[in-house]
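Note that this is a predicted model, so its numbers are computed, not measured.
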Amino acid sequence: MSLDDLRKRINDLDDGILRLLDERAHVMADVASAKNTLNLPTYDPDRERQILDRLAARAGRFPAGAIRAVFREVMSACLALQAPLKIAYLGPEGTFSHAAARALFGLAATYLETTTIESVFDAVTRREAQHGVVPIENSSEGSVPHAVDALIDGNLLIRAELELEVAQCLLTQAPGLGAIERVYSHPQPLGQCRVWLAKNLGGAQLVQTASTVVAVREALADTRGAAIASHLAADLYGLPIVRERIQDRPENFTRFALVSIEDAPRTGSDKTTIAFSPRDALGRGALMRVLAIFDEEQINLTRIESRPSRAKPWEYVFLADLEGHRDDANLARAMSRLRDRCPMLKHLGSYPRHASGSRSAPER
């Protein structure tokens with residue numbers, strides 16, 4: 001076939017794709033009507049994950065990663081046709097949280113950037129946004145305290161989780177590493193790159209900023225400054241990348257939580273997050289006796305950590321991730337038993353477990 005014939009074939013294929021997309025949009029209108037009748041939420045993260053996994057598994061010549069990206073946007077557009085979605089995230093534009101929000105909802109959603117993690121929770125609580133996206137845990141630096149505290153103190157629930165790879169880059173307009181006197185970034189990236197910084201920029205002052213994008217703006221105004229940020233931030237703000245993947249651990253992931261007024265229905269592959277404080281009267285071994293409940297009910301704990309209680313000095317609240325959904329019989333029994341041993345017990349959400357095979361790129 002000639003080049004003109006091949007181009008005509010491409011045009012015919014593209015026209016066919018457009019017709020199918022239009023047909024899909026009409027079907028999605030019927031789906032929206034059915035969901036409304038059944039009083040079901042518009043956004044269903046588990047259904048979207050199933051669609052993306054099924055399509056990626058059928059990849060041929062077209063790469064599986066590209067299939068996920070294309071259909072992420074197709075679903076985003078169809079979701080916007082059902083009901084306009086506004087998503088709050090820790091801004092400004094170009095942060096890893098922004099990248100995570102886009103990975104979850106695509107380009108068709110409306111995004112509300114906030115200046116703090118607490119502001120994300122506030123926007124959703126006030127119904128200024130349907131959902132919020134916040135970083136909750138990093139694979140090398142541990143939990144994000146402000147997000148954990150906001151979950152414990154507030155009334156929002158985790159509806160979905162997402163793990164994104166954190167590829168940290170050094171951005172600067174300085175002529176070389178020897179000319180850099182200050183390195184700007186959020187405390188999490190600075191911690192993720194502490195060994196690299198000590199080895200390559202040991203004499204530079206480390207300056208904490210509210211976000212990686214604020215760091216980029218500082219470095220743009222400082223000829224002797226550099227920022228640790230993402231490729232997305234470099235592209236958006238035009239600050240050159242001089243070193244890539246400078247995080248100390250090659251595999252560096254951040255777990256993001258999608259917070260909403262309601263959590264997700266049971267899928268059969270779920271996770272539940274709770275917060276609790278053992279009763280003082282239980283005395284020595286109080287925490288052990290509480291944890292024994294999970295073992296007796298055959299519930300696996302995937303994470304547990306303590307946070308200082310805001311109610312009383314030197315008391316602690318424990319945050320735990322459990323395998324299972326609050327509607328599972330054994331987890332429901334465990335929660336009932338915990339109430340007898342814990343004056344403070346709070347369900348923070350049941351949601352589909354993230355599929356590690358669908359991890360995307362950048363984050364906060």
Inset, instruction - Look at the side chain of N200 and the backbone N and O of W196, then say whether any donor-acceptor pair between them is shorter than 3.5 Å. - result: yes
Inset, instruction - Could you grab the distance from atom CD of Q130 to atom CG of L112, nearest 0.5 Å is fine? - result: 10.5 Å
Inset, instruction - Output yes when R307 and E305 qualify as a salt bridge under the 4.0 Å nitrogen-oxygen rule, no when they do not. - result: no
Inset, instruction - Kindly say whether R326 contributes a backbone atom to a donor-acceptor pair with the side chain of S350 at under 3.5 angstrom? - result: yes
Legend entry - Cationic N near anionic O, under 4.0 Å, R245 to E165: yes
Inset, instruction - Tell me whether Y89 is reachable from L107 by hopping between hydrophobic residues (I, L, V, M, F, W, Y) whose side-chain heavy atoms are closer than 4.5 Å. - result: no
Inset, instruction - Could you tell me whether the side chain of R224 and the main chain of A179 form a donor-acceptor pair under 3.5 Å? - result: yes
Inset, instruction - Answer yes or no: is there an ion pair linking E163 with R353, defined by an N-O contact shorter than 4.0 Å? - result: no
Legend entry - S185 side-chain N/O to A215 backbone N/O, donor-acceptor pair under 3.5 Å: no
Legend entry - Q192-Q168 side chain donor-acceptor pair, cut-off 3.5 Å: yes
Inset, instruction - Indicate yes or no for a side-chain donor-acceptor contact from Q173 to the backbone of A219 under 3.5 Å, with no hydrogens or angles considered. - result: yes
Legend entry - NE2/H347: more than 12 non-hydrogen atoms of other groups inside 6.0 Å: yes
Legend entry - Test ring-ring contact (aromatic ring centres under 6.0 Å, His included) applied to Y351 - qualifying residues, sequence neighbours left out: none
Inset, instruction - Please check if the side chain of R249 supplies one atom and the backbone of S139 the other of a donor-acceptor pair under 3.5 Å. - result: yes
Inset, instruction - Walk me through it: do R54 and Q50 pass the test side-chain contact (heavy atoms from CB on, under 4.5 Å)? - result: CA-CA 6 Å; R54 182 181 69 85; Q50 290 174 4; over 6 Å; no
Legend entry - Residues D12, K8: salt bridge by 4.0 Å N-O rule: yes
Inset, instruction - State the CG-CD distance between N252 and Q247, to the nearest 0.5 angstrom. - result: 5.0 Å
Legend entry - Check ion pair R266-D328 (N to O, under 4.0 angstrom): yes
Legend entry - Side-chain heavy atoms of I241 within contact of T172, under 4.5 Å: no
Inset, instruction - Using distance alone, with no hydrogens and no angle criterion, decide if E323 and N300 have a side-chain donor and acceptor under 3.5 Å apart. - result: yes
Inset, instruction - Indicate yes or no for a side-chain donor-acceptor contact from S336 to the backbone of A332 under 3.5 Å, with no hydrogens or angles considered. - result: no
Inset, instruction - List the atom of L232, the atom of T95, and the distance in Å for their closest heavy-atom pair. - result: CD2-O, 4.4 Å
Inset, instruction - Output the distance between atom CG (L206) and atom SG (C193), rounded to the nearest 0.5 Å. - result: 10.5 Å
Inset, instruction - Taking all heavy atoms of G142 and all of Q188, pick out the closest pair and write down the distance. - result: O-NE2, 4.3 Å
Legend entry - Non-hydrogen atoms of Q298 and N330 that approach each other most closely: O-ND2, 3.8 Å
Legend entry - Reference residue E113; test side chain to side chain contact (heavy atoms under 4.5 Å, CB included); the match among S97, P92, S211: P92
Legend entry - salt bridge (Lys or Arg N to Asp or Glu O under 4.0 Å) evaluation trace for D15 with R19: CA-CA 6 Å; D15 290 343; R19 285 192 295 271; 5.3 Å; no
Inset, instruction - Calculate, to the nearest 0.5 Å, the distance between atoms CG and CG belonging to D263 and L348 respectively. - result: 10.0 Å
Inset, instruction - Measure the CG-CG distance between D295 and L291 for me, rounded to the nearest 0.5 Å. - result: 9.5 Å
Legend entry - Side-chain heavy-atom pair L220, L171 within 4.5 angstrom cut-off: no
Legend entry - Side chain proximity check, E93 to V213, heavy atoms < 4.5 angstrom: no
Legend entry - Distance-minimising heavy-atom pair for H325 and T272: CA-OG1, 3.5 Å
Inset, instruction - Could you tell me whether the side chain of F121 reaches within less than 4.5 Å of the side chain of V134, counting heavy atoms only? - result: yes
Inset, instruction - Could you tell me whether the side chain of S306 and the main chain of F318 form a donor-acceptor pair under 3.5 Å? - result: no
Legend entry - Full working for side-chain contact (heavy atoms from CB on, under 4.5 Å) between I261 and H131: CA-CA 8 Å; I261 299 295; H131 308 285; over 6 Å; no
Inset, instruction - Answer yes or no: does atom NZ of K86 have more than 12 heavy-atom neighbours from other residues, nucleotides or ligands under 6.0 Å? - result: no
Legend entry - I17 reachable from L20 in the ILVMFWY side-chain graph, under 4.5 Å edges: no
Legend entry - Carboxylate-amine/guanidinium contact E161 R255, below 4.0 Å: yes
Legend entry - G132 to V120 - nearest heavy-atom pair and separation: CA-CG1, 3.7 Å
Inset, instruction - For D270 and G268, indicate whether the former's side chain and the latter's backbone hold a donor-acceptor pair under 3.5 Å. - result: yes
Inset, instruction - Please tell me if the side chains of D222 and Y184 come closer than 4.5 Å, counting only heavy atoms from C-beta onward. - result: yes
Inset, instruction - Give the cluster check for V259 versus L90: same hydrophobic cluster or not, with ILVMFWY residues linked at side-chain heavy-atom distances below 4.5 Å. - result: yes
Inset, instruction - Measure the CG-CD1 distance between L319 and I136 for me, rounded to the nearest 0.5 Å. - result: 6.5 Å
Legend entry - side-chain contact (heavy atoms from CB on, under 4.5 Å) evaluation trace for I246 with R243: CA-CA 7 Å; I246 65 170; R243 295 290 189 278; 3.6 Å; yes
Inset, instruction - Say whether S143 and E137, considering side chains only, have a donor N or O and an acceptor N or O under 3.5 Å apart. - result: no
Inset, instruction - Would you please classify the geometry between the H98 ring and the Y111 ring as parallel, tilted or perpendicular, with 30° and 60° separating the classes? - result: perpendicular
Inset, instruction - Answer yes or no: is there an ion pair linking D5 with R9, defined by an N-O contact shorter than 4.0 Å? - result: no
Inset, instruction - Scan side-chain atoms only and decide if T254 and N138 contain a donor-acceptor pair under the 3.5 Å cut-off. - result: yes
Inset, instruction - Indicate whether any N or O donor in one side chain lies under 3.5 Å from an N or O acceptor in the other, for S119 and D122. - result: no
Inset, instruction - Any chance you could lay out the side-chain contact (heavy atoms from CB on, under 4.5 Å) test for V144 and I117, step after step, and finish with the verdict? - result: CA-CA 10 Å; V144 180; I117 286 176; 3.8 Å; yes
Inset, instruction - Verify, without hydrogens or angle tests, whether S76 (side chain) and R72 (backbone) share a donor-acceptor contact under 3.5 angstrom. - result: no
Inset, instruction - Please answer: with hydrophobic residues joined when any side-chain heavy atoms are less than 4.5 Å apart, are L21 and V31 in the same cluster? - result: no
Inset, instruction - Spell out, yes or no, whether L162 and I51 are grouped together once hydrophobic residues are joined by side-chain heavy atoms under 4.5 Å, including indirect joins. - result: no
Inset, instruction - Taking atom CZ of R333 as the centre, report whether more than 12 heavy atoms of other residues, nucleotides or ligands fall under 6.0 Å from it. - result: yes
Inset, instruction - May I ask you to test the L52-M75 pair for a side-chain heavy-atom distance under 4.5 Å? - result: yes
Legend entry - Taking every non-hydrogen atom, the tightest pair across G324 and L331: C-CD1, 3.6 Å
Legend entry - Contact check, side chains of L164 and F253, non-hydrogen atoms, under 4.5 Å: no
Legend entry - Within 6.0 Å of CD in E73, more than 12 heavy atoms from elsewhere: yes
Inset, instruction - Taking the side chain as every heavy atom from C-beta outward, state whether C169 and I228 have any atom pair closer than 4.5 Å. - result: no
